[in-house]
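Worksheet: one structure, shown below.
As the structure is a computational prediction, the values presented were derived from the model and not from experiment. Each residue takes its place number in the sequence, starting with 1.
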Amino acid sequence: MLLPRPVSEAEGPYDAGYLPRLEMTFHAVEEPITEPVAKLGGDPVWLDEPCWPVHPGTREPLDFIGQFPVPTEPGEERRMAYLFLSYNDYETGGMDPEDGEAVMLVQPGGRIPAFAIIGPAGTKGRSLWRFGPDEEQVPVQFRIDMTAVPEKVERELEEHGTVDVRDYVGGKPSYPDWAGVEAPWRFFFRLGGMESDGPYFLNFAYGAGFAYLSPDRLEGRFSWEAA
């Protein structure tokens, strides 16, 4: 799989921390994905010991949203970032990147964020889901393919400050308002929200979620902004 590479001169979340920008497309699968590859939903394919975060208030397991390969330098070991979000009454957690309702873990060798509450051994929550015909929550799973964004799209971003790509890894981010985190966190990927009639449900108030990595790529953050 094509992966972006770290950019050494990136200093914060407004820079292109990883290049090239890759568009993510999601393809529903019939069989569970059990390999450490990019995907939404299903069960995490851990590269280290299972480590499921729980809500800091209720201690309910967070929902597993997906796993994303971490950009690496040539010769580095493979790492994966695992995204978990809370869900309560149509509201998806993650407006505050450090309140424990959005947790992104990196394995192997990653640091567990200080605000994250990890459940006891054997903890397991739901995975990404969609609404069924009777409003039931139906688990879903998608393979993520990544393709380089055309140069024309990159030029439009430089000229107009926006990019006509919904879900992408790397490149310079386009925020509705502000990044949600400060330097030295570096932009990692953008994941668009999806409403109740979509193939999966993530309530970002018609906005998008943004993931970040520390400069050493061993710790993550995630927050979303409304449109």
Side-chain angles (χ1 to χ4, degrees), residues 1 22-47 50-55 58-70 80-95 97 99-107 113 116-119 122-146 165-169 188-212 220-227:
M1 175 184 291
L22 304 177
E23 181 175 12
M24 294 190 289
T25 55
F26 309 131
H27 307 275
V29 298
E30 296 183 358
E31 297 294 329
I33 296 173
T34 58
E35 299 296 320
V37 296
K39 69 169 184 170
L40 294 181
D43 291 331
V45 181
W46 300 105
L47 293 179
C51 189
W52 203 293
V54 299
H55 190 282
T58 66
R59 294 304 195 266
E60 289 292 318
L62 303 186
D63 288 1
F64 172 64
I65 305 304
Q67 60 189 38
F68 306 84
V70 172
M80 193 72 66
Y82 304 85
L83 177 62
F84 298 84
L85 300 176
S86 68
Y87 173 78
N88 181 36
D89 194 23
Y90 289 88
E91 181 177 327
T92 302
M95 292 196 72
D99 66 2
E101 295 187 14
V103 176
M104 192 168 73
L105 303 174
V106 176
Q107 286 191 354
I117 307 298
I118 304 301
T123 297
K124 187 177 185 297
R126 300 181 304 185
S127 66
L128 186 67
W129 49 271
R130 63 173 175 81
F131 282 109
D134 299 316
E135 297 297 297
E136 73 273 23
Q137 296 173 6
V138 180
V140 294
Q141 188 169 181
F142 301 89
R143 183 186 79 252
I144 300 177
D145 288 339
M146 300 186 190
V165 180
R166 183 178 183 277
D167 307 289
Y168 54 88
V169 177
F188 179 18
F189 66 81
R190 179 191 193 273
L191 181 63
M194 190 68 71
E195 302 307 312
S196 57
D197 59 347
Y200 60 85
F201 180 77
L202 284 177
N203 182 12
F204 295 155
Y206 299 97
F210 298 88
Y212 308 90
R221 295 287 187 275
F222 184 88
S223 64
W224 61 264
E225 272 197 282

- Under 3.5 Å donor-acceptor, Ser223 side chain and Pro97 backbone: no
- Query: Do Tyr212 and Phe188 make the cut of ring centroids closer than 6.0 angstrom?
  - Reply: no
- Any chance you could lay out the side-chain contact (heavy atoms from CB on, under 4.5 Å) test for Phe210 and Arg190, step after step, and finish with the verdict? CA-CA 5 Å; Phe210 298 88; Arg190 179 191 193 273; 3.7 Å; yes
- Task: Would you indicate whether the side-chain heavy atoms of Leu85 and Phe204 approach each other to under 4.5 Å?
- Result: yes
- Got a second to check how far Phe131's CZ is from Met194's CE, nearest 0.5 Å? 13.5 Å
- Message: To the closest 0.5 Å, what do you measure between CG (Leu22) and CZ (Phe189)?
- Response: 13.0 Å
- Should Arg166 and Met24 count as side-chain neighbours, where that means a heavy-atom distance under 4.5 Å? no
- Is there a side-chain contact between Pro199 and Phe142, using heavy atoms and a 4.5 Å cut-off? yes
- State whether the side chain of Asp167 and the backbone N or O of Gly192 hold a donor-acceptor pair below 3.5 Å, judged by distance alone. yes
- Sequence-distant partners of Arg126, salt bridge (Lys or Arg N to Asp or Glu O under 4.0 Å), two or more places apart: Asp63
- Task: Would you check if Ile65 and Tyr87 make a side-chain contact, meaning some heavy-atom pair closer than 4.5 Å?
- Result: no
- Looking only at atom types and distance, does a side-chain atom of Arg130 sit under 3.5 Å from a main-chain N or O of Gly198, one as donor and one as acceptor? no
- Is there a donor-acceptor contact under 3.5 Å from the side chain of Tyr168 to the main chain of Met146? no
- Message: Under the salt bridge (charged side-chain N to carboxylate O under 4.0 Å, His left out) definition, can you give me all pairs with a residue in residues 29-45, not counting sequence neighbours?
- Response: Asp43-Lys124
- Is any side-chain heavy atom of Phe68 less than 4.5 Å from a side-chain heavy atom of Leu40? yes
- Message: Restricting to non-hydrogen atoms, name the atom on Leu128 and the atom on Gly41 that form the minimum distance, rounded to 0.1 Å.
- Response: CB-CA, 3.7 Å
- Note on the structure: Paired with Val54, the side chain to side chain contact (heavy atoms under 4.5 Å, CB included) test is passed by just one of Ile118, Leu62, Thr123, Val103, namely Thr123
- Query: Is the backbone of Val37 close enough, under 3.5 Å, to the side chain of Gln67 for a donor and an acceptor to pair up by distance?
  - Reply: yes
- Side-chain contact test, heavy atoms from C-beta onward, threshold under 4.5 Å: evaluate it for Trp224 versus Leu202 and give yes or no. no
- Do Pro69 and Met80 come close enough that some side-chain heavy atom pair is under 4.5 Å? yes
- Smallest separation among heavy atoms of Val106 and Gly220, with atom names: CG2-N, 4.4 Å
- In Å and rounded to the nearest 0.5 Å, what is the OG to CD distance from Ser86 to Glu60? 11.0 Å
- Backbone N/O of Ile33 and side chain of Gln141: donor-acceptor pair under 3.5 Å: yes
- Message: Between Asp99 and Glu101 (side chain of the first, backbone of the second, donor and acceptor by atom type, cut-off under 3.5 Å), is there such a pair?
- Response: yes
- Would you call Pro44 and Trp52 a side-chain contact if the rule is heavy atoms closer than 4.5 Å? yes
